[in-house]
Amino acid sequence: MTKAIFVLSMLWMSVNCARILGIFQNPYFSHQSVHQAIWKELSLRGHQVTVVTPRPLKEQTLKNLTEIDVGEAVSNVSRTSLLFMMSKDMGLQSITRNVFERQYKLAEAILRDERFIDVYNATNETFDVMLAEATPSPILYAVAAKLKVPLVGVYSFGIWSGLHYAVGNPLPPSLYSETWSTFQDRMNFYERLSSTLYYIWTRYYLNFEALPKCDQIARKYLGNDIPYIQDIEKNMSLLLLTTNPILYEPRPNVPTVISMEQMHIKPVKPLPKDLKQFLDNAKEGVVYFSLGSNVKSINIPEKLRKVLIEAFAELPYKVLWKFEADDLPGKPENVLIGKWIPQQDVLAHPNVKVFVTQCGLQSVEEAVARGVPMVGMPFIADQTRNIQRLSEEGAAVGLEHTTLTKEEFKNAIFEVVNNPKYKQNVKRLGEIWVDHPLPSLNRTIWWIEYVIRHKGTKHLRSPTADVSWFEYLLIDVILVLLTIVSLALFILYVAIKFILRMIFGGRKLKQN
Ligand SMILES: *[C@@H]1O[C@H](CO)[C@@H](O)[C@H](O)[C@H]1NC(C)=O
Ligand SMILES: *[C@@H]1O[C@H](CO)[C@@H](O)[C@H](O)[C@H]1NC(C)=O
Ligand SMILES: *[C@@H]1O[C@H](CO)[C@@H](O)[C@H](O)[C@H]1NC(C)=O
Ligand SMILES: *[C@@H]1O[C@H](CO)[C@@H](O)[C@H](O)[C@H]1NC(C)=O
Ligand SMILES: *[C@@H]1O[C@H](CO)[C@@H](O)[C@H](O)[C@H]1NC(C)=O
Ligand SMILES: *[C@@H]1O[C@H](CO)[C@@H](O)[C@H](O)[C@H]1NC(C)=O
């Protein structure tokens, strides 16, 4: 009897208290704030969570969370800033290559970590699910195959095309271009041509260069007893992406692709005293300026910095500038600088009239969540796309920072502050983004637990993930049909020729 109760309680435990492994290799603050929300919530729900990350939460109260801090190893290999790696002047192919090269190094730095080796190569460690940051390179997914657990991809971004392809999402280059390209839906002929060529190049690059290299790195650390890396990637049980219907054109997703939004948005907290005083006293309005944690204001060209300073000095508003140094030479009277600023809470302050931003996804989400219209100056990655969409929606004004003049910058700020349409549109977007049957974090957790309960999602797997490209595009069928039609035409041609010869050939013979 006691034994039965014990077994029953073990069964109950196995559903209610799962063992979860998470691997998140990128050091970027904004990206990880999304993933942190997930691993924190899972541990609060009583799951035993182990996370490998360069950005641990280090919260003592989270008793069920073990964080393996790989911050040092990761910063050793990735000192190049994203600004130089993904600049929008670079071709798509160079960006793709840069992204992969960096991911190889990051994955190796993590797989080399002694504490992590003890997890993935231990014979006694078992997990129920593995979460992995769904970056372009699938190397670290191989840990799930090695541990024989279902794999859940998680990303604070809308994902790159290769992963859409892997999970079986339709990916016509005529409609969907790369996330770090600037093309929108309704591409013109040149854009479709370029998008198609990039698509073909990607297939080549993945199959013959990137994936074999990823496979080789995975085997070096995990041993040879794993499937080919692409099969592991295609076997992903669930893919959680940070998308929304405004910045990402709606697309047909297989059932295992789920979107999350505003995952890192927290309830408004009181501001530090000096900041609160500055904002409270600025009855004339505040311009909040930040280029985020990847681009950084300190990295921008001298010329641009001069334009910004001169424009700010002439504004009738106060300016709060996230500037990553102690001193800003030539700082105007009305400007307050801060190396680190509690952005979500500042944006919630009623005196903040406009957010001048690089338009990174998390910054945009914060502005939309707090209802602050934007002036955008994109630098890298998806930022150009984001500002294009927001301007189309009438929620922001976009600027080109390489040619920006003082007048242009001031006019953009005046336009957004004085024309009420921008504020109204930002609010409208905010209402659309969060209108779901369940809040985003609850939905995300539900899906991860769904994967745990059913030990994967084989039953939801799309057939598109398994057919080869020529089957998918019906190349074989088209070839057979073409052959039949040409054969029929040929037979018809021969028959007509034969009949004509019968008729006219006979006459010719007579004439002779
Ligand atoms: C840790 O998990 C247990 C169940 O496994 C749960 O009862 C407890 O509340 C959790 N503790 C915290 C601090 O989340
Ligand atoms: C990082 O680099 C420093 C100096 O080059 C070295 O001492 C340290 O061991 C490295 N740390 C890791 C975890 O690789
Ligand atoms: C596996 O064994 C190692 C070393 O013996 C130990 O530290 C670890 O806690 C064990 N893990 C589990 C899940 O029992
Ligand atoms: C696919 O995932 C399931 C668990 O969800 C696992 O049992 C299976 O071995 C995996 N297959 C491959 C090829 O990785
Ligand atoms: C992990 O174990 C595999 C064998 O399963 C071995 O080939 C590999 O070298 C080990 N990795 C490390 C880093 O020790
Ligand atoms: C969402 O999750 C939180 C935390 O687990 C919980 O308190 C809340 O009731 C959930 N909301 C809904 C609508 O299920």
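Here, residue 1 is the first one in the sequence, and each next residue gets the next number. Whatever order the structure lists ligands and atoms in, that order sets their numbers, starting from 1.
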Worksheet item: Where does Leu62 meet ligand 1, judged by heavy-atom distances below 4.0 Å: at the side chain, the backbone, both, or neither?
Response: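 For Leu62, no heavy atom sits under 4.0 Å from ligand 1.
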
Worksheet item: Side chains of Glu366 and His264: do they bring a donor and an acceptor to under 3.5 Å?
Response: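 Their side chains do contain a donor-acceptor pair, which is all the 3.5 Å distance test asks for.
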
Worksheet item: Would a line drawn from the ring center of Tyr450 to the ring center of Trp447 be shorter than 6.0 Å?
Response: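 Yes, ring centres under 6.0 Å apart.
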
Discussion item. Just checking Tyr205 against Phe100, ring centres under 6.0 Å apart?
Written reply: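 So the answer is yes for these two rings.
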
[X]: numbered ligand 1 atoms lying under 4.0 Å from its heavy atoms:
X	result
Cys17	5 (O)
Thr61	13 (C)
Ser43	14 (O)
Asn64	1 (C), 2 (O), 3 (C), 8 (C), 10 (C), 11 (N), 12 (C), 14 (O)

Discussion item. With nothing but distance in play, are any N or O atoms of Asn235 less than 3.5 Å from an N or O of ligand 4?
Written reply: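 Among all N and O atoms of Asn235, at least one is under 3.5 Å from an N or O of ligand 4.
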
Discussion item. For Pro150, which part has a heavy atom under 4.0 Å from ligand 4: side chain, backbone, both, or neither?
Written reply: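 Both backbone and side chain.
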
Discussion item. For the CG atom of Leu42 and the CG atom of Leu441, what is their distance to the nearest 0.5 Å?
Written reply: 8.5 Å

Worksheet item: So how far is it from Tyr141 OH to Cys214 SG, rounded to the nearest 0.5 Å?
Response: 9.5 Å

Worksheet item: Between Arg251 and Glu249, does at least one N-O distance fall below 4.0 Å, as a salt bridge requires?
Response: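 Judged by the 4.0 Å cut-off on N to carboxylate O distance, Arg251 and Glu249 do not form a salt bridge.
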
Discussion item. Please give me the minimum heavy-atom distance between Asp215 and Pro227, naming the atom from each residue.
Written reply: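 The answer is OD1-O, 4.1 Å.
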
Pairs under 3.5 Å, N/O atoms on ligand 6 and on the protein: can you put them in a table with the distances?
from, atom 1, to, atom 2, distance (Å)
ligand 6, 2 (O), Asn442, OD1, 3.3
ligand 6, 2 (O), Asn442, ND2, 2.4
ligand 6, 5 (O), Glu41, OE2, 2.9
ligand 6, 11 (N), Asn442, ND2, 2.7
ligand 6, 14 (O), Asn442, ND2, 3.2

Fill in: Phe127: which of Ile20, Ile452, Val49, Val119 passes side chain to side chain contact (heavy atoms under 4.5 Å, CB included)
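In the set Ile20, Ile452, Val49, Val119, the residue that makes a side chain to side chain contact (heavy atoms under 4.5 Å, CB included) with Phe127 is Val119.
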
For residues 63-70, which side-chain N or O atoms pair as donor and acceptor with protein atoms under 3.5 Å away, sequence neighbours left out?
from, atom 1, to, atom 2, distance (Å)
Lys63, NZ, Gln60, O, 3.1
Asn64, OD1, Gln48, NE2, 3.3
Glu67, OE1, Leu57, N, 3.2
Glu67, OE1, Lys58, N, 2.9
Glu67, OE2, Trp39, NE1, 3.1
Glu67, OE2, Leu57, N, 2.7
Asp69, OD1, Gly71, N, 2.8

